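Okay, structure first, notes after.
Quick note on labels: first sequence line is chain A, next is B, and so on, each numbered from 1. Keep in mind that this is a model prediction, so the values were computed, not measured. Heavy-atom basis, side chains included; hydrogens, waters and symmetry copies ignored.
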Protein chains: 2
Amino acid sequence: MGQKVISKAVIKRLPRYYRYLGELLDAGVERISSGELSQQMKVTASQIRQDLNNFGGFGQQGYGYNVYYLRTEIAKILGLDRPHKMIIIGAGNLGQALANYAKFEKNSFHVVGLFDNNKALKRKMVRDIPIMMIDELPGFLQKNDVEIAALTLPKENAIDMAQILVENGIHAIWNFAHTDLNLVVPKTVAVQNVHLSESLMRLSYNLKTLEEEGKIK
Amino acid sequence: MGQKVISKAVIKRLPRYYRYLGELLDAGVERISSGELSQQMKVTASQIRQDLNNFGGFGQQGYGYNVYYLRTEIAKILGLDRPHKMIIIGAGNLGQALANYAKFEKNSFHVVGLFDNNKALKRKMVRDIPIMMIDELPGFLQKNDVEIAALTLPKENAIDMAQILVENGIHAIWNFAHTDLNLVVPKTVAVQNVHLSESLMRLSYNLKTLEEEGKIK
DNA sequence: TAGATTGTTAATCGATTAACAATC
DNA sequence: TAGATTGTTAATCGATTAACAATC
């Protein structure tokens, strides 16, 4: 309680540290200094030390950081140390892609259901995950302790669906619809908006900039 | 030439302005002030005016901004005013999802081919887009003027594939593999990394924080 | 003209980097 | 112990916000 608020910039970097530490672990590296890690990740050693110190001292003077220990601690910070049940609303290509994707983080995210309103999909399975109809959703949420819902829907339906999800006890929404759900949902629900189109537009901007600088063609 | 470098923070916000302006346009709104827009987008009016002024004066004192004009100008800045040919490497669920997705921006991104090494997919079509084999890729790039490649591959293959793409004249990579391609590819190629797992981890962090603050359950 | 709202400069805030004392 | 490297404070840098003169 009364915990220090960690800046968004720091939180944004944590998953990247987590990924690099995983790769180091796979490569059999036991310890690493902020200096070495900074070279690999192309950030400053100072930033790494500052970031980590937001959460307490994970390193040791004269030694550096133990890779396994540091990774475990970051996992805890990110809440990856326990399973989260997740459902996916929208069983199209993106929904199905996420169903596979979320398994990546082995013990953290369990996709327990896909929902769609296309009756042709009813009772089908994606891997071992059943596709259910939207009208089964409230009942399903009542029976199962689901924390996270991924939304891969047209934006017209996303806001109403978010409402339904919140009413039925969902605590986190991973939103792929073209709208900013966090402006619509109560602050007691975590929201991450993934706007793929924005990413593509930034790529387009960068491409255009390279052209204008004469670095292309 | 010798153009002012625009900060990443500004570029990151442009697509969001573009989206809101599109919605205003659909709603038949003709003009808007930075103050009104700031309320809708939950940012400061000051930031909107500062951001836009990086590119020149799009507004008019006492009037505000013409929605259609401003949107058109932002489109130009982002390079959305001309078509970009795009291919997708990896014809799994994510690749196919992107094939539909990229069409969203009507005249900006044309997906002209999907590539995979799964022979079962050979010669299939996704919508009107042919799936081709990876070994056909260099020939295809030689014949077609493709600027952008989306990469939906396991990370093991992504780096080699990026190399091949760059050698064959690709200028922009939209990377969905779990690795930082921008650290690997020459600076004359634009890269946007989309790390979905990082987004999910941030969601998990926010969820955990809400729990700890006692706002859940 | 008076009112509204931009464009732009100046002030503030926050994040990053540098430096170094603490300590393993 | 000497050397290495963290943890942490101080300095710098950049981004955001506030303020207001310019101007439609």
Should [X] be listed as having a side-chain N or O under 4.0 Å from OP1 or OP2 of [N]?
| X | N | answer |
| --- | --- | --- |
| A:R13 | C:dT16 | yes |
| A:Y65 | D:dG7 | yes |
| B:T44 | D:dT17 | yes |

Pairwise side-chain contact, B:I159 with B:T179, heavy-atom cut-off 4.5 Å (strictly under):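 Yes. Closest side-chain heavy atoms under 4.5 Å.
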Taking the side chain from [X] and the backbone from [Y], do they hold a donor-acceptor pair closer than 3.5 Å?
| X | Y | value |
| --- | --- | --- |
| B:Q96 | A:N93 | no |
| B:N54 | B:D51 | yes |
| B:N144 | B:F140 | yes |

I need the [atom1]-[atom2] distance between [X] and [N], as an integer number of Å.
| X | N | atom1 | atom2 | value |
| --- | --- | --- | --- | --- |
| B:E73 | C:dG7 | CD | C1' | 16 Å |
| B:K42 | D:dT17 | NZ | P | 15 Å |
| A:Q60 | C:dT23 | CD | P | 13 Å |
| B:I11 | D:dG14 | CD1 | P | 17 Å |
| B:R31 | C:dA4 | CZ | P | 11 Å |

Contacting residues from residues 47-55 of chain A, given that a heavy atom lies under 4.0 angstrom of DNA chain D: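 Of all residues in residues 47-55 of chain A, the ones placing a heavy atom under 4.0 Å from DNA chain D are A:R49, A:Q50, A:N53.
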Salt bridge (Lys or Arg N to Asp or Glu O under 4.0 Å) between B:E23 and B:R71, worked out: CA-CA 10 Å; B:E23 283 173 14; B:R71 192 176 121 100; over 6 Å; no
Full working for side-chain hydrogen bond (donor to acceptor under 3.5 Å, both in side chains) between A:H195 and A:D180: CA-CA 9 Å; A:H195 293 311; A:D180 295 324; 3.0 Å; yes
Counter-base of C:dC24, judged by Watson-Crick or G-U geometry with both distances under 3.5 Å: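 Matched C:dC24 with D:dG3 under the 3.5 Å cut-off.
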Identity of whatever pairs with D:dA10 - Watson-Crick or G-U, under 3.5 angstrom: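 For D:dA10, the partner nucleotide comes out as C:dT17, under the 3.5 Å rule.
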B:H171 and B:E147: side chain donor to acceptor below 3.5 Å: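 Distance-only check fails for B:H171 and B:E147.
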Touch class at under 4.0 angstrom, heavy-atom based, for B:S46 against every strand present: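 Base, at least one base heavy atom under 4.0 Å.
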Position toward the 5' end of DNA chain C (nearest nucleotide), A:Q61 or A:V10: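 Checking each residue's closest nucleotide, the 5'-ward one belongs to A:V10.
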5′-ward residue of the pair A:G64/B:K8 relative to DNA chain D: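 Its nucleotide being nearer the 5' end, the pick is A:G64.
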